[in-house]
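Below, read A as the first sequence line, B as the second, and so on, with proteins coming before strands; counting in each chain starts at 1.
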There are 2 protein chains.
Amino acid sequence: MQGGRVLDLETARARVLDAADELFYGRGVQVVGMDELRSASGVSLKRLYQLFPSKGDLVEAYLRRRDARWRAALASYVDTRPAEVRVLAVFDWLYQWFGEDDFRGCGFINCFGELGSTSPVVADVTRTHKEAFQEYLAGLVAASGGSPELAAHLALLAEGAITTAAIAGSPEPARQARAAAILLLGPVLGCDQSVSRMSHRPCVRRRPGSL
Amino acid sequence: MQGGRVLDLETARARVLDAADELFYGRGVQVVGMDELRSASGVSLKRLYQLFPSKGDLVEAYLRRRDARWRAALASYVDTRPAEVRVLAVFDWLYQWFGEDDFRGCGFINCFGELGSTSPVVADVTRTHKEAFQEYLAGLVAASGGSPELAAHLALLAEGAITTAAIAGSPEPARQARAAAILLLGPVLGCDQSVSRMSHRPCVRRRPGSL
DNA sequence: CCACTCGGAGAACGATCGTTCTTAGCTCTG
DNA sequence: CAGAGCTAAGAACGATCGTTCTCCGAGTGG
């Protein structure tokens with residue numbers, strides 16, 4: 001008898017999470033009240049509290065869904081490229097992300113700065129998200145014959161590019177990180193890749209469209 | 001007639017800023033109220049509002065003083081080392097910073113995540129702070145004969161190490177960033193530096209005491 | 001000793017926020 | 001149609017916070 005209602009609950013949940021993603025990511029968690037979330041999602045406060053018993057629960061759900069989406073978007077971009085360029089494709093994906101209109105840095109780092117010292121669950125989800133990214137990158141690097149240390153170095157470059165791009169308001173750090181990654185990959189790619197030829201010329205500029 | 005009083009005002013200001021630094025950095029800006037700032041500093045609310053007409057002014061002063069202190073600490077560590085190792089000394093200093101008990105990441109990034117979308121002054125001070133660090137690093141790199149691109153790459157490594165160390169709760173990212181920096185510096189140091197010999201062995205482990 | 005000023009402690013105020021409760025309307029059953 | 005149960009809309013509540021105000025005691029000049 002409640003078939004239609006259950007579906008409604010799920011679309012309500014999706015709409016709330018959509019609004020949370022846009023508002024929490026775009027303006028911060030503490031500055032966005034439940035009332036604004038209600039009007040943005042069109043879901044009544046009662047339903048909202050049925051779905052998420054407290055704002056903290058909603059924040060956690062927001063972070064977990066963002067983690068899944070972010071990693072899926074990255075993987076769907078990277079995994080369709082030829083195996084030899086997948087590691088560098090990570091930085092191409094970053095460049096495209098940095099250029100999006102609503103880019104405002106890493107939602108997890110922002111949330112961690114805001115609530116990490118107060119909320120253990122925020123700190124934990126953030127840690128998990130970063131570890132998952134590092135492991136994904138390590139898998140790509142290992143598949144290219146690179147060492148775990150190389151993977152850690154590239155992860156630091158990516159991390160630095162994210163925050164630098166957010167603060168500077170420019171996607172350029174992704175290019176710089178990519179150029180540095182080429183240098184670090186040099187010995188790895190050197191065996192049979194033509195990319196290695198420019199490994200001693202750090203200033204590699206490419207047109208935005210090309211990858 | 002107010003000689004003693006003026007001096008009091010300055011010590012009061014210092015005590016307020018000390019408390020702000022500890023509380024804002026350690027727990028976040030929004031979670032710390034003016035009342036807690038008063039009891040932590042021992043300065044009455046009245047004086048506090050004479051010194052800083054609003055909480056926003058206090059936040060700005062906190063950030064500006066933290067910027068000056070942070071850069072001075074870094075420079076005082078780096079500039080006393082021999083010229084050839086100054087670039088790497090940046091990462092040694094980071095390692096020591098990450099190991100401090102109250103280390104909680106970059107206070108500017110934390111504050112930017114919390115208030116950057118709301119407060120233009122916070123965004124601006126943060127941008128200025130990061131630019132100053134990048135320029136300082138670029139000066140060190142240029143003095144070693146490195147290119148501006150290399151400086152940008154090393155800045156990304158340092159930035160990534162800061163946030164990674166904060167989230168992981170470990171100082172290790174400084175070591176990894178240092179190892180990556182050695183690889184990137186390889187061509188530069190290669191001319192007359194013995195460090196270049198390990199430039200193809202990324203996994204450089206040193207005992208914590210040594211730098 | 002007295003009047004006056006000044007600063008500290010904390011109450012008070014207005015706004016906001018997370019959360020709950022009230023109210024009124026709609027739907028579905030008999 | 002009657003009434004029960006559900007919902008949306010928004011008022012209400014309690015807590016917190018930034019900011020201001022009140023009161024009172026201490027120190028000072030005459």
Notebook entry, point to check: Got a sec, which residues hit side-chain hydrogen bond (donor to acceptor under 3.5 Å, both in side chains) with A:Thr118, two or more places apart in sequence or on another chain?
Noted result: none
Next item on the list: Not counting sequence neighbours, which residues clear salt bridge (Lys or Arg N to Asp or Glu O under 4.0 Å) with B:Arg65? List them please.
Entry: B:Asp18
Partners of [X] by ring-ring contact (aromatic ring centres under 6.0 Å, His included), sequence neighbours excluded?
X        : value
B:Phe112 : none
A:Phe52  : none
A:Phe133 : A:Trp70

Next item on the list: Quick one, give me the B/S/- string for nucleotides 9-23 of chain C, reading 5' to 3', where B means a protein heavy atom under 4.0 Å from the base and S means that only happens at the primed atoms, P, OP1 or OP2.
Entry: S--------SBB---
Can I get a per-line list of side-chain donor-acceptor pairs under 3.5 Å for residues 156-163 of chain B, giving both atom names and the distance, sequence neighbours left out?
residue	atom	partner	partner atom	Å
B:Glu159	OE2	B:Lys130	NZ	2.8
B:Thr163	OG1	B:Gly160	O	3.4

Next item on the list: For A:Arg15 and D:dA8, give me the distance from atom CZ to atom P, rounded to whole Å.
Entry: 10 Å
Next item on the list: Could you note down all residue pairs passing ring pair (Phe, Tyr, Trp, His ring centres under 6.0 Å) where residues 164-184 of chain B supplies at least one of them, sequence neighbours left out?
Entry: none
Next item on the list: Give a yes or no answer on whether the side chain of B:Asn110 reaches the backbone of B:Arg104 with a donor-acceptor pair at less than 3.5 Å.
Entry: yes
Check: Looking only at side-chain N and O atoms, does A:Arg47 come under 4.0 Å of OP1 or OP2 in D:dT7?
Finding: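 It does not, given that no N or O in the side chain of A:Arg47 lies less than 4.0 Å from OP1 or OP2 of D:dT7.
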Margin query: Can you list, in residue-number order, the parts of residues 110-124 of chain B that come under 4.0 Å of DNA chain C, counting heavy atoms only?
Written below: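 Close to the strand, none.
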